[in-house]
> 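Here it is, the structure, as structure tokens.
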Amino acid sequence: IKMEFLHGDYDEEDTVCVEDFLLDHPAPENGCLIHIHLSGKNNNLNAKIVIGDSASWEVPILGVGQESYAHRGYRGSIYGLLEKVIHDVDMMRSGYSKQLQPKFDKFLGQVQMLLDESKDLNSVEDIHLVVRDASGLSTTELLSNDDHSGGGGGDVPSQATISYFPRTMNEERDLNILDNDDESISNYTKIDSNQQLTTVNEIVNLIKKSNNIVVFSGAGISVESGVTPFRTPTNTVIKNSADENDNENNKTQEDANEVEVAAVEQPASSIWSNFDASKMTVFNFNRHDKDEDRIEWWKMKHSIIPEILNAKPNPAHLIFAKLHEQKKLSAVITQNIDSLHTRAGVPPEKVIELHGHMRGLICSDNIKSIYNPIPYQSGKCDYELSEKECLCLNENGIVDDTGDSSLSSTSSTSSKNPYFKNVSKLPLCPKCQSPLRTETVMFEQPMPYGLVDQASSKISSTDLLIIIGSTLIVKPACDLPLEALRKKIPVIIINPYDKTQYDEYATGLIREPAGVFMKEVMERL
């Protein structure tokens, strides 16, 4: 199928439409990831390549590329592809800073030398292109026969490698090959409550058998660290025996799980019990005619900043740093903005922060942040303050880094930083006078581009999904566990405060405080 897609009788000027091709052909089992490496030696620029419109491509050294369905695809020679790369990269470079322009010049110059077959080809460094195609159809003759791609570059050394990944539900939906039954939780098999794992030893054994663990965390994991949740939990929590007066024949698993709990200390309040969530929209924040909603938004942020600065990771955070050290952790996907996972020791590159974070500040007109897609004005400002700079601001808003700027120095932080101290004053950008904001997702704001897809991809390739402290009611994050269910990946849910729609489908269901339970688990790993 891939070879027909590559060598078929198509007009090279046509859009390489994967969806049309799949109308008459079955899709490959998995998506594919192709790395192409070209240099001044042994290049086969006449080799054929096809890139479907479902693929994304990137020049890693520049961080430049195009997302899926943002281009027409390409079918032709490697030479023609490089000409296209020069054109597209040159078009995109204007959106990047002056500091990066020399990098663009060097890369484009090296590609042009390769195309011109310059006498100085030995000076051409590795030109690296990455193609990621969820359809699995993209391929090239540069791949060796050992890649089982059906390609082959003759005697030319392999200049491309290929690997495969399972498609996510969103990717199958985009390709129009998703089975509709996969989208409804009711089509999956429930697990009898008597068969669900509930003890420390059972969870420890499951973790020990797993090598590619993904964590999904919500507000409940940080409540034990002293961080107020945005929503008030319910009171029906710990899994226990059903009421003795229940009719045995009418009992459901929901009945068995619903018991009032006094043993779990629940948060006394929530953010949205003290502030009007309906006012906290990005459009209210960006209104130019009044400051009231912006000031109210900042008051809400002021209420949680001291808690976040003073919070310390609890065992439910620390265990995943340990799993990282044991090379078992694939990713942590979190709805939280408190950075407690990274402060626990999980590398930042392994943490997907769906709703953003409270590290630093940016101008609301700075759209370079994925957490600020809707600018206050024209989107031309680039002002930002790092976490360290925010913690070192003096009363005049000037960075003073002579003292201790660590997160542990919270007593001096709240008194030094005017943005954290003056609740009634709206902080403004010193460059353009737009209001400053944190890199967090506001209501009515699009989710950060690509993060949900990253999270879906991580879950679809995991061998164990652990969900802690999330009600799983906020879209689109609430659909993420479906990725695990459709692949028959075991799911553990740890939630002392709320039931979720996935409880009856979980391999393990724990109704205890996550920090208490995970402390025991961590001690036995």
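Start at 1 with the first residue, then count along the sequence. Note that the coordinates shown come from a computational prediction; the quantities given were computed from them, not determined experimentally. FYI, side chains are in, hydrogens and waters are out, and symmetry mates aren't considered; it's all heavy atoms of this structure.
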> Taking Ser386 for the side chain and Glu389 for the main chain, is one N or O donor matched with an acceptor at less than 3.5 Å?
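At least one qualifying donor-acceptor pair exists.
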> Compare every heavy atom of Val214 with every heavy atom of Thr462, then report the nearest pair and how far apart it is.
OG1-N, 3.3 Å
> Evaluate whether atom CG of Leu100 has more than 12 neighbouring non-hydrogen atoms of other residues, nucleotides or ligands under 6.0 angstrom away.
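Counting other residues, nucleotides and ligands, CG of Leu100 exceeds 12 neighbours.
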> Ignoring hydrogens, what is the shortest heavy-atom contact between Ser54 and Val18? Give both atom names and the distance.
OG-CG2, 3.3 Å
> Would you give the length of the straight line joining atom NE2 of His317 to atom OG1 of Thr342, rounded to the nearest 0.5 angstrom?
9.5 Å
> Let me see the working for Asp365 and Lys431 under salt bridge (charged side-chain N to carboxylate O under 4.0 Å, His left out), right down to the final yes or no.
CA-CA 10 Å; Asp365 201 45; Lys431 294 181 71 172; over 6 Å; no
> With a sphere of 6.0 Å drawn around NZ of Lys279, does it hold more than 12 non-hydrogen atoms of other residues, nucleotides or ligands?
no
> Contact between Trp298 and Pro427 at the side-chain level, heavy atoms closer than 4.5 Å - yes or no?
yes
> Search all heavy atoms of Ile61 against all heavy atoms of Phe107 and return the closest pair with its distance.
CG2-CD1, 4.3 Å
> Sorted by first residue and then second, give each salt bridge (Lys or Arg N to Asp or Glu O under 4.0 Å) pair with at least one member in residues 348-362; sequence neighbours left out.
Glu353-Arg359
> Quick one: is the NZ or CZ of Arg437 closer than 6.0 Å to the six-membered ring centre of Tyr371, and within 45° of its axis?
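Because its charged atom misses either the 6.0 Å distance or the 45° angle limit, Arg437 does not stack over Tyr371.
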> Is a side-chain donor or acceptor of Glu439 paired with a backbone partner of Gly360 at a separation under 3.5 angstrom?
no
> Are Asp338 and Arg343 within salt-bridge range, i.e. N to O under 4.0 Å?
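Not counted as a salt bridge, because no side-chain N and carboxylate O are separated by less than 4.0 Å.
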> Is the backbone of Ser461 close enough, under 3.5 Å, to the side chain of Asn212 for a donor and an acceptor to pair up by distance?
yes
> Rounded to the nearest 0.5 Å, how far apart are OH of Tyr383 and OG of Ser364?
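Here the rounded value is 12.5 Å.
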> Assess whether side chain to side chain contact (heavy atoms under 4.5 Å, CB included) is satisfied between Leu108 and Arg93, documenting all intermediate values.
CA-CA 11 Å; Leu108 294 173; Arg93 66 182 300 177; 3.7 Å; yes
> Considering all heavy atoms of both residues, which atom of Gln335 and which atom of Gly218 are nearest to each other, and what is their separation?
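The answer is OE1-CA, 3.8 Å.
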> Could you walk me through whether Val59 and Leu129 pass side chain to side chain contact (heavy atoms under 4.5 Å, CB included), step by step?
CA-CA 5 Å; Val59 180; Leu129 305 176; 3.7 Å; yes
> Check for a donor-acceptor pair, side chain of Asn495 on one end and backbone N or O of Asp498 on the other, with a separation under 3.5 Å.
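Yes, Asn495 side chain to Asp498 backbone: donor-acceptor pair under 3.5 Å.
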> I'd like to check Leu323 versus Leu525 (side-chain heavy atoms, cut-off strictly below 4.5 Å). Are they in contact?
yes
> Can you name the closest pair of heavy atoms from Phe275 and Ser303 and give their distance?
CE1-OG, 3.7 Å
> Is the backbone N or O of Ser457 less than 3.5 Å from a side-chain atom of Glu483, with the two atoms forming a donor-acceptor pair by type?
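Pair absent, no side-chain N/O of Glu483 close to backbone of Ser457.
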> Just so I know, are the side chains of Tyr69 and Glu19 near enough to count as touching, which here means a heavy-atom distance under 4.5 Å?
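Not touching, per the 4.5 Å side-chain cut-off.
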> When rounded to the nearest 0.5 angstrom, what distance separates CG in Asn310 from NZ in Lys312?
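Here the interatomic distance stands at 9.0 Å.
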> Is the shortest side-chain heavy-atom distance between Phe216 and Val491 below 4.5 Å?
no
> Side chains of Leu33 and Val130: does their closest heavy-atom pair fall under 4.5 Å?
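Yes. Closest side-chain heavy atoms under 4.5 Å.
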> Quick one about Thr168 and Asn170 (side-chain donor to acceptor, distance below 3.5 Å, no hydrogens or angles considered), yes or no?
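Checked: Asn170/Thr168 side chains show no N/O donor-acceptor pair below 3.5 Å.
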> Under the side chain to side chain donor-acceptor pair (under 3.5 Å) definition, can you give me all pairs with a residue in residues 81-91, not counting sequence neighbours?
Lys84-Asp88
> Show the numbers, then the answer: is there a side chain to side chain contact (heavy atoms under 4.5 Å, CB included) between Ser470 and Thr500?
CA-CA 8 Å; Ser470 177; Thr500 79; over 6 Å; no
> Please say whether more than 12 non-hydrogen atoms of neighbouring residues, nucleotides or ligands are located less than 6.0 Å from NZ in Lys487.
yes
> Is any NZ, NE, NH1 or NH2 atom of the basic residue among Lys106 and Glu125 found under 4.0 Å from an Asp or Glu carboxylate oxygen of the other?
yes
> Once you measure the plane-to-plane angle for Trp272 and Phe443, does it fall in the parallel (<30°), tilted (30-60°) or perpendicular (>60°) bin?
tilted
> For Ser217 and Asn336, what are the C-alpha separation, side-chain angles and deciding distance, and is it a side chain to side chain contact (heavy atoms under 4.5 Å, CB included)?
CA-CA 7 Å; Ser217 70; Asn336 299 338; 4.0 Å; yes
> Which value, rounded to the nearest 0.5 Å, describes the distance between Trp297 atom CH2 and Phe285 atom CZ?
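Trp297 atom CH2 to Phe285 atom CZ measures 5.0 Å (nearest 0.5 Å).
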> For Ser210, is there any backbone N or O sitting under 3.5 Å from a side-chain donor or acceptor partner on Asp463?
no
> Would you say Ser138 and Asp133 are linked by a side-chain donor-acceptor pair, where the criterion is simply a distance under 3.5 Å?
yes
> Using a 4.5 Å cut-off on heavy atoms from C-beta on, say whether the side chain of His324 contacts that of Pro347.
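Sidechains of His324 and Pro347: in contact.
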> Just so I know, are the side chains of Ser434 and Cys381 near enough to count as touching, which here means a heavy-atom distance under 4.5 Å?
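Ser434 vs Cys381: side chains apart.
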> To the nearest 0.5 Å, tell me how far His288 NE2 sits from Lys290 NZ.
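Answer rounded to 0.5 Å: 14.0 Å.
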> Donor-acceptor check, side chain of Glu172 to backbone of Arg167, threshold 3.5 angstrom: yes or no?
no
> Check whether any side-chain heavy atom of Val89 sits under 4.5 Å from a side-chain heavy atom of Val111, and report yes or no.
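No, their side chains stay 4.5 Å or more apart.
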> What is the distance from atom CD of Gln445 to atom NE2 of His355, rounded to the nearest 0.5 Å?
10.5 Å
> Is it the case that the side chain of Gln66 and the backbone of His71 share a donor-acceptor pair, with hydrogens and angles ignored and the cut-off at 3.5 Å?
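Checking the backbone N and O of His71 against the side chain of Gln66, no donor-acceptor pair under 3.5 Å is found.
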> Taking all non-hydrogen atoms of both residues, which atom of Met518 and which atom of Pro315 are closest, and how far apart?
CB-O, 4.0 Å
> Hey, can you tell me if His37 and His35 have their rings parallel, tilted or perpendicular (30° and 60° cut-offs)?
parallel
> Between Asn274 (side chain only) and Ser270 (backbone N and O only), is there a donor and an acceptor less than 3.5 Å apart?
yes
> Any sub-3.5 Å donor-acceptor pair from Glu307's side-chain atoms to Thr228's backbone N or O?
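Between the backbone of Thr228 and the side chain of Glu307 there is a qualifying donor-acceptor contact (under 3.5 Å).
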> Could you tell me whether Asp503 and Arg511 make a salt bridge, using a distance below 4.0 angstrom between a side-chain N and a carboxylate O?
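Yes, charged N to carboxylate O under 4.0 Å.
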